Amino acid sequence: MANVTVKLFANLREIAQTSSLSLTGESVKDVLLSLTEQYPALKELVIEEGGDVKLCGYINVFLNGNNIKHMEGLDTILNDDDELGIFPPVSGG
Amino acid sequence: MKVICVAGYKNSGKTTLVTRLVEALSEHGKVGTVKQMLHHRFNPENTDTGKHFDAGADLVAAITDTELVTIKRNPSLEDALNSLADNGADFAIVEGAKSSDLPKIFLGEPEGSDEVSNILVKLPVKSDWDIAAIVELMHDQPEWVTLDSLIMKVRSNPDLCLSGGIATFTGIVRRINDNVETTAIDFEKYEGVADRAIEKICFDMKQKDNIIDVLIHHKTGLIKSGEDIVYIVVAAAHRQELFQTLADTLEHIKEDVPIWKKEYTIEGDFWVHDKL
């Protein structure tokens with residue numbers, strides 16, 4: 001079980017009313033389930049409806065600054081002090 | 001440009017500290033200073049330049065044997081700092097400006113009734129201060145960037161001798177969208193990750209043939225309509241790759257950098273990504 005920091009941005013941050021929190025989990029999936037349990041209002045934005053736990057297309061998850069889609073996605077294993085960033089589509093520039 | 005303010009009451013040693021900092025920082029780069037002189041007139045009415053100004057000149061420039069001075073109206077600390085940045089200052093030291101939000105070194109103790117914000121460190125009045133430590137502190141401050149400061153940086157790139165052109169882009173907050181007026185946009189970024197994404201874009205763009213330099217600066221926080229959001233400066237050997245790279249860089253910023261916009265309009269506010 002890893003202790004990780006989860007950073008929330010934009011409307012996700014507004015809904016949860018926090019920009020940063022600590023959670024534990026073995027994989028990214030665990031932490032997301034834990035997050036949506038703690039903040040049910042985030043659930044429909046982050047996790048797709050259906051049996052399998054799937055990330056909504058709208059959401060990006062970064063692990064230590066890198067997109068999890070370049071790793072094992074939701075099954076990516078976490079280590080202590082990892083940082084997860086969870087956010088909607090970017091709109092800079 | 002790194003900015004620091006030296007604040008304190010009269011006779012606390014501000015000017016002495018500023019001069020020592022100027023000497024020390026001059027070894028690391030170009031130094032500018034700002035002296036805030038409230039309730040003073042720099043250019044008195046009985047001087048020639050004072051008479052020019054009082055007759056209605058919008059700007060008065062004065063040249064002596066060793067100095068160039070520009071006297072403008074509607075003074076602001078922000079304009080003064082922008083001017084130093086535009087001229088390529090790497091460091092700016094402001095003497096005074098106790099009531100500003102700038103990062104400060106305070107000499108002595110602020111009086112009870114005085115609300116002084118952003119004090120990085122309090123130092124004793126008229127002392128033998130550790131200048132090297134203050135120089136270190138300045139390096140940790142955020143950068144004050146203007147479009148011209150980026151152009152100055154590009155111009156000082158030794159490889160610029162290979163360049164035939166410099167192109168720039170300034171992103172601004174658009175005021176009217178489909179007949180609705182936007183008052184401001186708030187830009188939120190993923191600290192650290194956004195900066196690295198921007199560095200990667202500069203690095204990747206510079207790998208292309210004949211691209212000599214690429215600089216990007218993206219502001220964050222609340223930006224009012226009409227004001228600047230992002231600057232891109234590109235130097236290249238020839239115009240074809242120059243304009244293409246400028247456009248490509250902007251597209252990469254929009255796709256790869258974790259920054260989000262919340263738009264405030266007279267009809268309400270919304271997250272821009274939700275409207276796309």
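Below, read A as the first sequence line, B as the second, and so on, with proteins coming before strands; counting in each chain starts at 1. Values in this document were obtained by computation on a predicted structure and should not be read as measured data.
Side-chain N/O atoms of B:D101 and B:S117 include a donor and acceptor closer than 3.5 Å. B:H273 and A:N11 form a side-chain donor-acceptor contact under 3.5 Å, judged by distance and modelled atom types alone.
Salt bridge annotation for B:E241-B:K208: absent, with no cationic side-chain nitrogen under 4.0 angstrom from a carboxylate oxygen.
Centroid-to-centroid, the aromatic rings of A:F87 and B:W260 come within less than 6.0 Å.
Heavy atoms of B:K189 lying under 4.5 Å from chain A belong exclusively to its backbone. Contact of B:E255 with chain A is made through the backbone alone, with heavy-atom distances under 4.5 Å. Residue contact with chain A, scored on non-hydrogen atoms closer than 4.5 Å, involves the backbone and the side chain of B:K261 alike.
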